[in-house]
Structure formats: structure tokens, C-alpha cells
Amino acid sequence: MADEMVLDTSALIEWPVSEISGSFIVPSQYSELGRISPERLEMIDSIGVIQAIPGDESMKVAREGAVGTGDMSGLSNVDLSLIALAREKSAILVTDDYRMQNVASHIGIEWRSIQESGISEGWKWELRCLGCKSTQPSPELPNKHRAEFGDCPDCGSELKLKRA
């Protein structure tokens, strides 16, 4: 079992400070946490979290894993970086995000939940048109707006993420 942990922003907010010290985060979480809880950011900043940026190879594996499961549409750049960092550090990914857990499981990363029970099995997702029901390929980059998946190139109707 890995001793090191990579923490999702929800862990930075929810976990006791004593559990956070010495864990890894990505630098972009600072601005995310600053928007959500500036007071918590000050506390986190003083306890010794380790900021790291994952390398290109780990990012590639995380991207391929997210495309492979169909989860890419529901992930942010921060989510993808955290998955890549956990892979690179052979660390436990701490998150309640089911999509992150799904991708982590798919590429062999150990994960731990914060407050939720977590996923019980891996799922595959696909972008499906609400109008013509066609299936579109998973995007290769994270989605800027998690609930907006674009329009069908065939008929123009809304695309939704559905279990394959």
C-alpha cells in the first residue's frame, strides 16, 4: 500500500488538517481553494503540503485512461493533473469524485474516499445524442463546463454522458 497521498480539493476542505500535512497537491488547487475557502487556504498553506506538477508521460497515461473510460467529458484539468500526479508518485488518490475514482481504477491507481463510499465497480461512459441517439467519441481534453457536452455534429441536438 502506498504511503503518500495526492489530495483532491474536497479533501483539502473536508479532512482534518493533521491528515493533510505532507500530502501532494497540484499548484492550480491553490486558486480553486482560494475561491471556495480562503480561510482554509491559509491554514493549508501553513501545514506543509507538497506542490508538484505531473510529468508529460503521467499526463498522457491519465488522459488515455479518461478517454478509455469515457470520463474525460466530466473531468477538469485539475482532476486530470491529480490523477497523473498520483500515478507518477505511486500515491493514493484521495477523492470523492466518482469519475476520478473510475479513471484511477482503470489505470491501476489506488484511491480512497473522503466521506462517500466510493465506486464499487468501473463503468464506461459515452456521449450520446438526445435527438438522433448517435454515439460520439470521447473528447481528448477535459471539459471546461462539467454539465455541458456540446451538440451533436449529425443533428445539432444536445449531447449527454450516458453509461455505455
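All of these numbers come straight from a predicted model, not from anything done at the bench.
For residues 12-33, the set of pairs meeting the ring pair (Phe, Tyr, Trp, His ring centres under 6.0 Å) definition, not counting sequence neighbours, is empty. For residues 16-26, the set of pairs meeting the side chain to side chain donor-acceptor pair (under 3.5 Å) definition, not counting sequence neighbours, is empty.
The distance from the CD1 atom of Ile36 to the OG atom of Ser10 is 9.0 Å, given to the nearest 0.5 Å. We find the CG-NZ distance between Asp3 and Lys89 to be 14.5 Å, quoted to the nearest 0.5 Å. Here the NZ atom belonging to Lys162 is positioned 9.5 Å from the CH2 atom belonging to Trp125, to the nearest 0.5 angstrom. Note that CG of Asp79 and CE of Met72 are 10.5 Å apart. Values are rounded to the nearest 0.5 Å. For the atom pair NZ of Lys160 and CD of Gln136, the computed distance is 15.0 Å after rounding to the nearest 0.5 Å. A distance of 11.0 Å separates CE in Met43 from CD1 in Ile13, rounded to the nearest 0.5 Å.
When all heavy atoms are compared, the tightest approach of Leu75 to Ala66 is CD1-CB, 3.7 Å. When all heavy atoms of Gln101 and Ser113 are compared, the pair lying nearest together is NE2-OG, 3.3 Å. Across all their heavy atoms, Leu93 and Ala86 have their closest contact at CB-CB, 4.0 Å. The shortest heavy-atom contact between Asp8 and Thr95 is OD2-OG1, 2.7 Å. Here the shortest heavy-atom pairing between Asp154 and Cys132 reads CB-SG, 4.3 Å. The two residues Met59 and Ser81 have their closest heavy-atom pair at SD-CA, 3.8 Å.
No side-chain heavy atom of Arg35 sits less than 4.5 Å from a side-chain heavy atom of Thr9. Residues His106 and Lys124 are in side-chain contact: their nearest non-hydrogen atoms beyond the backbone lie under 4.5 Å apart.
Side-chain atoms of Thr69 and Asp71 include a donor-acceptor pair closer than 3.5 Å.
Residues passing the side chain to side chain contact (heavy atoms under 4.5 Å, CB included) test with Ile53, sequence neighbours excluded: Pro27. Listed by chain and residue number, Val26, Ser28, Gln29, Glu32, Ser76, Leu82 satisfy the side chain to side chain contact (heavy atoms under 4.5 Å, CB included) test with Val78 (two or more places apart in sequence, or in another chain). For Glu126, the salt bridge (Lys or Arg N to Asp or Glu O under 4.0 Å) partners at least two apart in sequence or on another chain are Arg128. Every residue two or more places apart in sequence or in another chain that forms a side chain to side chain contact (heavy atoms under 4.5 Å, CB included) with Ala62 is listed here: Leu80, Ile83, Ala84.
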Check the pair Leu127, Ser73 against side-chain contact (heavy atoms from CB on, under 4.5 Å), reporting the backbone distance first and the verdict last. CA-CA 8 Å; Leu127 284 174; Ser73 295; 3.7 Å; yes
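Judged purely by atom type and a 3.5 angstrom limit, Arg163 has no side-chain atom pairing as donor or acceptor with the backbone of Trp123.
Transitive grouping of hydrophobic side chains (ILVMFWY, heavy atoms separated by less than 4.5 Å) keeps Leu161 and Leu130 in distinct clusters.
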